[in-house]
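Reviewing the structure listed below.
Computed from heavy atoms alone, side chains included, the values below leave out hydrogens, waters and symmetry copies.
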Amino acid sequence: VQLQASGGGLVQAGGPLRLSCAASGRTVSSYAVGWFRQAPGKEREFVAAVVRLGRAYYADSVKGRFTISRDNAKNTVYLQMNSLKPEDTAVYYCAAATQSFSVYSQARYDFWGQGTLVTVSS
């Protein structure tokens, strides 16, 4: 499967932004799909994931503000980000895993898209 992340940009603190991860080659519902992010000078970290049966998982830092969803008809996974904070500034990556366990771990993901930059100004 090939993944294409998009939707990043510059947004003011408190504002919303929606990222998209479009899949091609295979149906996105065949995979667990996750979002990760890497801020400048930091390691890449887990943000959210949705598994094949539709259950969603979130990092504590985004719980209640971010929502991950999947549109099977469009073969796309979205990350709706609300109440953005400057500390959410990062390059965001989407990834797909053939297995739905340990979705918090980057090592479980088999396919990665290119990143999309999100910048939150204070």
Side-chain angles (χ1 to χ4, degrees):
V1 65
Q2 292 80 44
L3 303 173
Q4 179 77 32
S6 63
L10 175 63
V11 61
Q12 286 190 333
L17 201 62
R18 189 178 78 161
L19 305 183
S20 299
C21 178
S24 59
R26 289 286 300 272
T27 56
V28 70
S29 58
S30 300
Y31 301 90
V33 176
W35 285 96
F36 291 79
R37 66 186 181 187
Q38 186 167 20
K42 295 186 176 181
E43 294 188 353
R44 190 159 57 185
E45 64 176 5
F46 171 81
V47 176
V50 58
V51 298
R52 284 180 288 184
L53 293 181
R55 182 173 179 176
Y57 299 82
Y58 298 95
D60 288 342
S61 59
V62 307
K63 205 170 291 184
R65 299 188 297 123
F66 290 12
T67 302
I68 190 170
S69 63
R70 186 177 67 204
D71 187 331
N72 292 335
K74 295 184 178 180
N75 216 29
T76 300
V77 171
Y78 301 100
L79 184 68
Q80 177 67 45
M81 305 185 294
N82 296 328
S83 303
L84 281 162
K85 304 175 181 180
E87 50 265 43
D88 294 318
T89 294
V91 177
Y92 284 70
Y93 300 89
C94 62
T98 54
Q99 303 292 331
S100 290
F101 57 91
S102 300
V103 294
Y104 301 97
S105 171
Q106 299 180 54
R108 294 298 182 184
Y109 290 81
D110 307 291
F111 308 97
W112 290 82
Q114 90 297 351
T116 185
L117 176 63
V118 173
T119 304
V120 184
S121 62
S122 57

For residues [X] and [Y], determine if any side-chain heavy atom of one lies less than 4.5 Å from a side-chain heavy atom of the other.
X	Y	value
Asn72	Thr27	no
Leu84	Phe66	yes
Tyr109	Val33	no
Asp88	Met81	no
Tyr58	Arg65	no
Ser69	Gln80	no
Thr98	Tyr31	yes

To check you understand the geometry: which heavy-atom pair defines the closest contact between [X] and [Y], and what is its length?
X	Y	result
Ala23	Val1	CB-CG2, 3.9 Å
Ala96	Leu3	N-CD1, 3.6 Å
Lys63	Asp60	NZ-OD1, 3.1 Å
Arg52	Ser29	CG-O, 3.3 Å
Thr116	Gly8	OG1-N, 3.0 Å
Arg70	Val77	CG-CG2, 3.8 Å

task = Give a yes or no answer on whether the side chain of Ser20 reaches the backbone of Ala22 with a donor-acceptor pair at less than 3.5 Å.
result = no
Indicate if [X] and [Y] have the same hydrophobic cluster label, given that clusters are the connected sets of ILVMFWY residues with side-chain heavy-atom separations under 4.5 angstrom.
X	Y	result
Phe36	Val28	no
Val62	Val11	yes
Leu117	Tyr93	yes

Once you round to the nearest 0.5 Å, how far does [atom1] of [X] lie from [atom2] of [Y]?
X	Y	atom1	atom2	value
Arg37	Arg44	CZ	CZ	13.5 Å
Leu79	Leu17	CG	CG	9.0 Å
Glu45	Gln38	CD	CD	9.5 Å
Gln4	Gln114	CD	CD	4.0 Å
Phe111	Arg26	CZ	CZ	8.0 Å
Trp35	Tyr78	CH2	OH	10.5 Å

request  = Evaluate ring-ring contact (aromatic ring centres under 6.0 Å, His included) for Phe46 paired with Tyr57, printing each intermediate quantity in order.
outcome  = CA-CA 10 Å; Phe46 171 81; Tyr57 299 82; 7.8 Å; no
message = Tell me if the NZ atom of Lys42 is crowded by more than 12 foreign heavy atoms within 6.0 Å.
response = no
